Amino acid sequence: MEMRFDPMTGKPIEPKTEPESAPGMKFDPMTGEPVQSKAEPESTPGMKFDPMTGEPVQSKAEPGSALGMKFDPMTGAPIQSNTGAEYNAGMNTAGINTGTGKKKKGKFAAILGVIAAILCCCVVAFAGVKSGAFLGPSGKVALAVSNTFTDIPEVAENMKGINLLNEKAYTVSVDGKAESNSINVTYSSKTNEKQFSGKINVEDTPEISFLAGIDKNKVKAEIPLLGNKLFIYDYHEEKSGYLKEQLGSDTLDAIDKACETVFSQKEQKNQTEKLAKILTRQYKDLKFKSVGKDSFEVNGKDRKCKGYQVTVTEDTMKDFVDALDDFTSEELGDIYDQADVREAFNELRDGFDGMPDMDITFYIYKGKLACVSFEVQGDELQLLFKGGKTRTQNMELKADGETLMELEGEVSGKTEKSRLYVDGDKVLEMEYNAKTGDYELDLTDDVRISGTLKTDRKGFEFSIRGDDISGTVTIKKGAEIEKYSGEEFDIGNASESDIYGLVSEMQDMESY
């Protein structure tokens, strides 16, 4: 018989003279002594035992308890699952805490994703409010969301220069440097042609310069490092070369369509309008109801705010994914399956399996948001808009009454100051001068970034300066297109021998 030892003293335990233990005999884990139990019928498969005594745990018969029943590891007693257990199990698998403790930040991060989707629909749907397409609670919510996020501080106001990208002709320039590496890129866009040009310098490697673009018929690229060639691809003509043999007609047709979309501003506008209609339709399908008033702090005082609530279900989110899936499939064509986009949407859709119902309540004060409250299975997340010069100047994110994040801000003359706290610790501080566009950003005690963010008559400018790093992005109205040079090489119609000949030339240049 196997010798047993006292786990507290390490001394051997002298067993009492007993008949040889029967298979399945249980022992006290603290003493090693066999546990005597009343005569019982032989345990059935799946019988649970108390790990501290070895005694079988008697449980009341429950319908369906034999398959998939969960047991308390300390008592062996069956645990009755709650609604949404499968969804929570999936969230735990993804590393999201769905426990009953005070801090559920991972879970609330997932919740914020749902809120972001609803807010996005609200903003897009706002266009319908002004035309009278919405009445009642849904229209009031859409209008409040729009009013809140268009009432923005000066630092955000100066981002409006990005709207120059909607002009018929504009130029975007990007210059960056990090230690001995640098990049200089310019994108020029006109109605009849679009073009990239630039230089890339990486330490201990040759400089790479390039000129590439697209017009109404062809894609062109000139890369001196690869020889005196002008690579062209005609996305309107039928292909007959090695590229078609390798990729197939369906793939080339998808590439041609993508090129046409990139070139055509009209096509891009059509895509944007289609997507806006989809989001608006999804928003219109939401059923809002009035839920009375509640008090929240706005501009330093408690205010009575009217509430409007919508319940978001598993079907709501899956319908949203289905709509985006259909849109993407239609726009991408054959590339949709070849790029595994279908699989990505399926995984996103499966992520909402078993999702419990979620109540989102929008509290409104004077036409703007005061609070967005999110409740699911007894947990509550609140995004509070405490106001100031703008409604978003001071904000707070709370989970079950506990502050997770807080944004504080104030304005003095043309100077705006903001501080961001996470769990009570300051993680970011920014000072911005609206007159000059200069800003300073403190991330930690050792990391400070400064630069410029402004929009004026010349255009938009954003620059950043830090230790061993600097960069500038500018957007200006108007564009100039550079001329191409070099011997044309038609990628779409090049034969196999042409391709291998080109590769051989490049290898000779590299060895030289």
Side-chain angles (χ1 to χ4, degrees), residues 70 79-123 125 137-138 140-142 144-145 148 279 282-296 305-324 347-364 369-385 395-406 422-423:
K70 305 296 182 183
I79 300 171
Q80 303 301 325
S81 60
N82 295 323
T83 303
E86 297 85 354
Y87 180 72
N88 284 335
M91 295 177 78
N92 282 322
T93 301
I96 298 174
N97 174 21
T98 57
T100 57
K102 290 184 177 180
K103 295 187 178 181
K104 304 185 177 85
K105 297 173 190 174
K107 182 176 182 179
F108 288 127
I111 289 173
L112 283 175
V114 178
I115 293 178
I118 302 301
L119 290 179
C120 180
C121 290
C122 287
V123 172
S138 63
K140 293 176 181 178
V141 169
V145 170
T148 301
L279 295 177
Q282 292 297 310
Y283 182 76
K284 290 177 69 175
D285 288 341
L286 297 174
K287 304 302 181 184
F288 286 84
K289 64 180 181 180
S290 298
V291 292
K293 294 183 178 182
D294 204 345
S295 294
F296 297 95
C305 307
K306 181 66 176 177
Y308 302 96
Q309 187 177 90
V310 61
T311 298
V312 178
T313 67
E314 175 184 342
D315 289 339
T316 304
M317 296 311 299
K318 286 188 174 182
D319 288 345
F320 182 75
V321 174
D322 288 343
L324 294 180
E347 290 180 0
L348 181 59
R349 191 180 292 105
D350 291 343
F352 292 109
D353 285 344
M355 186 189 89
D357 291 353
M358 308 175 182
D359 292 328
I360 303 178
T361 308
F362 298 82
Y363 290 97
I364 299 173
L369 294 176
C371 173
V372 179
S373 174
F374 182 101
E375 294 181 73
V376 54
Q377 292 186 321
D379 296 322
E380 183 179 21
L381 183 75
Q382 287 185 327
L383 182 59
L384 302 167
F385 299 83
M395 299 175 63
E396 186 176 4
L397 181 64
K398 301 178 75 172
D400 291 337
E402 177 187 358
T403 299
L404 300 182
M405 298 177 64
E406 191 167 13
V422 177
D423 288 337

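Quick caveat: nothing in here was measured; it's all calculated off a predicted structure.
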Enquirer: Output all residues satisfying salt bridge (Lys or Arg N to Asp or Glu O under 4.0 Å) with Lys318, sequence neighbours left out; order by chain, then residue number.
Expert: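 Scan of Lys318 (salt bridge (Lys or Arg N to Asp or Glu O under 4.0 Å), adjacent residues dropped) gives Glu314, Asp353.
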
Enquirer: Which atom names give the shortest non-hydrogen contact between Pro356 and Val376, and what distance separates them?
Expert: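 Smallest interatomic distance, heavy atoms only, reads CG-CG2, 3.5 Å.
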
Enquirer: How many angstroms lie between NZ in Lys289 and CG in Asp359, if you round to the nearest 0.5 Å?
Expert: 7.0 Å

Enquirer: Say you draw a straight line from CG of Leu324 to CG of Leu279; how long is it, rounded to the nearest 0.5 Å?
Expert: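 Leu324 CG to Leu279 CG: 6.5 Å, rounded to 0.5 Å.
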
Enquirer: Is any side-chain heavy atom of Lys284 less than 4.5 Å from a side-chain heavy atom of Ser138?
Expert: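 The answer is no; the side chains never approach within 4.5 Å.
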
Enquirer: Tell me, do Met395 and Leu383 make a side-chain contact under 4.5 Å, heavy atoms counted?
Expert: yes

Enquirer: If you take the centroid of each ring, where Trp contributes its six-membered ring, are Tyr283 and Phe288 closer together than 6.0 Å?
Expert: yes

Enquirer: Are Asp285 and Asp319 close enough that some pair of their side-chain heavy atoms sits under 4.5 Å apart?
Expert: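 When only atoms from C-beta onward are counted, Asp319 and Asp285 do not touch, as no gap falls below 4.5 Å.
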
Enquirer: Test of understanding: with ring-ring contact (aromatic ring centres under 6.0 Å, His included), list the residues that count as partners of Tyr308, not counting sequence neighbours.
Expert: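 ring-ring contact (aromatic ring centres under 6.0 Å, His included) list for Tyr308, sorted by chain: empty.
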
Enquirer: OG1 of Thr361 to CD of Glu375: how many Å apart, nearest 0.5 Å?
Expert: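 Reported to 0.5 Å precision, the distance equals 6.0 Å.
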
Enquirer: Can you measure from CE (Met317) to CZ (Arg349) and round to the nearest 0.5 angstrom?
Expert: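 So the CE of Met317 and the CZ of Arg349 are separated by 12.0 Å.
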
Enquirer: Output yes when a side-chain donor or acceptor of Asp400 lies under 3.5 Å from a complementary backbone atom of Glu380, and no otherwise.
Expert: yes

Enquirer: Closest heavy-atom contact between Val312 and Met355?
Expert: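 Closest approach of Val312 to Met355, heavy atoms only: O-CE, 3.9 Å.
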
Enquirer: Out of curiosity, Glu396 CD to Glu406 CD, how far, rounded to the nearest 0.5 Å?
Expert: 4.5 Å

Enquirer: CZ of Phe352 to CG of Asp315: how many Å apart, nearest 0.5 Å?
Expert: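 It comes to 12.0 Å.
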
Enquirer: Taking all atoms of both residues into account, what is the closest heavy-atom pair of Thr403 and Asp423, and its distance?
Expert: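 Closest pair (atom of Thr403, atom of Asp423, distance): O-OD1, 4.3 Å.
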
Enquirer: For Tyr363 and Cys305, which heavy atoms make the closest approach, and how far apart are they?
Expert: CD2-O, 3.7 Å

